[in-house]
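Quantities reported herein were computed from a predicted structural model and do not represent experimental measurements. Just so it is clear: chains get the letters A, B, ... in the order the sequence lines come, proteins before strands, and each one is counted from 1.
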2 protein chains.
Amino acid sequence: MKNKRKTRVTRRDVAEAAGVSETIVSYVMNGNRYVKEEKRQRVLEAVERLNYQPNHLARSLKMQKSRHLLFLTDDLRSEHFGDVMDAMETILFSENYLISLSRYRTDSGYINDLIARQFDGVFISSSSLDTDTLKQLSRAGVATVMVQRNSIDEVPENCAIINSGLYRGEKLLLDHLYASGCRRILFANRSVSDQNETFWEDPRVTAYEDFCREKNLEKLIMAPSPSDEEFRSRLKGCLSGKERPDAISAFNDRTAVEVLRITKELGINVPGDLAVSGFDNTKLSEYISPSLTTISVDRRDMAQKMLDTMFELIETGKAEDQSCNIKLIKRESTGI
Amino acid sequence: MKNKRKTRVTRRDVAEAAGVSETIVSYVMNGNRYVKEEKRQRVLEAVERLNYQPNHLARSLKMQKSRHLLFLTDDLRSEHFGDVMDAMETILFSENYLISLSRYRTDSGYINDLIARQFDGVFISSSSLDTDTLKQLSRAGVATVMVQRNSIDEVPENCAIINSGLYRGEKLLLDHLYASGCRRILFANRSVSDQNETFWEDPRVTAYEDFCREKNLEKLIMAPSPSDEEFRSRLKGCLSGKERPDAISAFNDRTAVEVLRITKELGINVPGDLAVSGFDNTKLSEYISPSLTTISVDRRDMAQKMLDTMFELIETGKAEDQSCNIKLIKRESTGI
DNA sequence: TTGAAAGCGATACCAA
DNA sequence: TTGGTATCGCTTTCAA
């Protein structure tokens, strides 16, 4: 009873209908061989009438090329991801590529499943990416473009990096805070549910540490909290203490917004008593009051670079690493 | 030089390495035939050593089943889409399915390209979905689950609908506004860039019209604006007029936020002089001031229903239509 | 110009 | 229990 796929029209059907050989149909479809005009017309007519579409699976199998990419990320729900995906999709569509997405999982069985799917390339934007995964993909001949890591020990064959500017961005923020007179700057890490992640390698933290060293400031780092509650209570602790910070550089906008909430509860004036900065330039950062100073990554630019790099990798097996355009967005939360 | 795919390990390699026939390898991999324990071990060992993964493309071609779904939507960037995708991905992962995404395009050539990719099923969440597309997919035997439309003239074979509750949601909002004493309620449609869309079929508008008829209220509908600027100027017109509305039910949160901005500019007090409601329960609606009364759709629930329906469609070719859970979220913008 | 035939990498029937 | 073989639908070489 399952007639689901019985309706599928194949090249054979077209050949029959047009009274030509199957090969001719392929030639006409691909336009790579000269076919006598009359036959070509018969084929085209049959294609139209039967609504024939060459089976992409069969073609991919034969060609060893699927025109299918995969985007792996920690957070499918972020504005950032959505914007990048959106920009990529537009380009990919015009290039006849398809893109799938999945949450990144550190599990070698999972990576093998992915390899089995025969993607031409994989994007990975994750803070918990490990070298083994990269090697695994490289060994399987899958082009891999990584985003968001500043550097990696050894970049395998068939692999390239897009530097998303986390390090540079954090530096811009800190410079700005410093220039505004802040000297006790707290770096507030986020609250997290997923304990897989290797936070301390985050370039933002590195940038913060480097900055403190340079300017000879005291390092005030709030470690990642296991829960929102924990985060709130820790932060309240920091802000109620004697020597409280005069600025908080938050891990991202989401975290910064939490900070703002708590300052409101505690009656601390922002930016009067405390400057606050975020990271990501989410919509929220613009609409919240006080509006949030933050770093914006040019997401279209990033998407473009990710794809350029990917295509180059697929073509040639090699590609230069790239860096994304970022911008400091000054708003109310750090004093005009 | 392109050794990209030379590294690919096939069943043949495993068979050779294990000293068995290719068929045996398949039997071991699929566990669907008894194989002498000793051979099985040899095969497993070879699989491990060579890091063999059955080629999913070949398998799909043979099985006429790709375990690959597609999500088509108007807006890849919305919070709603991200959340639904996220929830779906978790379930799909455990079922060994893959999902791709693409912006919905009304172009029969595009749909044909999609059909060529041999998806087992397609989700469509678009306000501009037309019956022809549906027929096309149905004819090709692709299971199709539609979201967001209240109803459609004729639902083809192999197709089901998830009612996202737009109509019910708008009614809840209007009831709430009415109960708060509002009698001149303006429905403010959004500003749009994509002129493809068939706005007037939006269930929110229908709900609004029905409501006005029921309560015998004057219909005040602001048509979709071609640009943000146009939207702002039209709205200012409405709010500066003599008989200005006492409530605005906006198309969605994004639109409502624009409304709030303009009220601020004009010095109109919300909710004192004017009640405002949104739709979607975005993060913004919670954090903005005044916080926004809105409708929340349970996105996990929606994802679950979409998948249940899809799987049933794929299995049996039929599935019941379903409705999503929605909730009225009362916040400051409509008075406490 | 054309078409038969050899794959691409799997599944599963049918004999042995 | 096993393995040869036909098949899934397509691309492309090679000979006619």
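- At a threshold of 4.0 Å, the pair B:E157-B:K318 counts as salt-bridged, since one of the basic side-chain nitrogens sits closer than that to a carboxylate oxygen.
- Using a 4.0 Å cut-off, some side-chain N or O of B:Q64 falls inside it from OP1 or OP2 of D:dG9.
- Between C:dG3 and A:K39, a contact under 4.0 Å exists linking OP1 or OP2 to a side-chain N or O.
- Following rounding to the nearest Å, A:N30 (CG) and D:dT13 (C1') show an atom-to-atom distance of 15 Å.
- Taking every side-chain heavy atom of B:I24 into account, D:dT2 is the closest of D:dT2, D:dT13, C:dG9.
- Listed by residue number, A:S21, A:T23 are the residues of residues 14-23 of chain A with a heavy-atom contact under 4.0 Å to DNA chain C.
- B:Y104 has its ring centre no less than 6.0 Å from the ring centre of B:Y110.
- Residues B:D113 and B:R117 are not paired through a salt bridge, judged by the lack of any N-O separation under 4.0 Å between the basic side chain and the carboxylate.
- Checking the phosphate oxygens (OP1, OP2) of D:dT12, a side-chain nitrogen or oxygen of A:N32 falls inside 4.0 Å.
- To the nearest angstrom, C1' of C:dA10 lies 13 Å from CG of B:D13.
- When distances run from any side-chain atom of B:K62 to the nucleotides D:dC10, D:dT7, C:dA10, the shortest one goes to D:dT7.
- With salt bridges taken as basic N to acidic carboxylate O contacts below 4.0 Å, one links B:D86 and A:R103.
- Computed from coordinates, the B:L57 CG to D:dG9 C1' distance equals 12 Å when rounded to whole Å.
- Residue whose closest nucleotide on DNA chain C sits further toward the 5' end, between A:Y34 and B:P54: A:Y34.
- Going from atom CE of B:M63 over to atom C1' of C:dC13 covers 14 Å, rounded to whole Å.
- Between the OH atom of A:Y27 and the C1' atom of D:dC10 there is a distance of 12 Å, rounded to whole Å.
- Phosphate proximity of D:dG3 to B:R33: absent, as no side-chain N or O sits under 4.0 Å from OP1 or OP2.
- From A:L101, atom CG reaches atom CZ of A:F81 across 4.5 Å, with rounding to the nearest 0.5 Å.
- Atom CG in A:N55 sits about 13 Å away from atom C1' in C:dC8, given to the nearest Å.
- Taking the six-membered ring for Trp, B:Y34 and B:Y27 have ring centres at least 6.0 Å apart.
- The B:A58 side chain lies nearest to C:dA10 when the options are C:dA10, D:dG9, D:dC10.
- In this entry the distance linking CD of A:Q53 with P of D:dC10 reads 10 Å, nearest Å.
- Residue-level contact check: B:T10 touches the backbone only, with heavy atoms under 4.0 Å from sugar-phosphate atoms and none from bases.
- For A:R105 and B:E89, the salt-bridge test passes: some basic side-chain N is under 4.0 Å from an acidic carboxylate O.
- Rounding to whole angstrom units, CZ of residue A:R59 and C1' of D:dT12 are separated by 13 Å.
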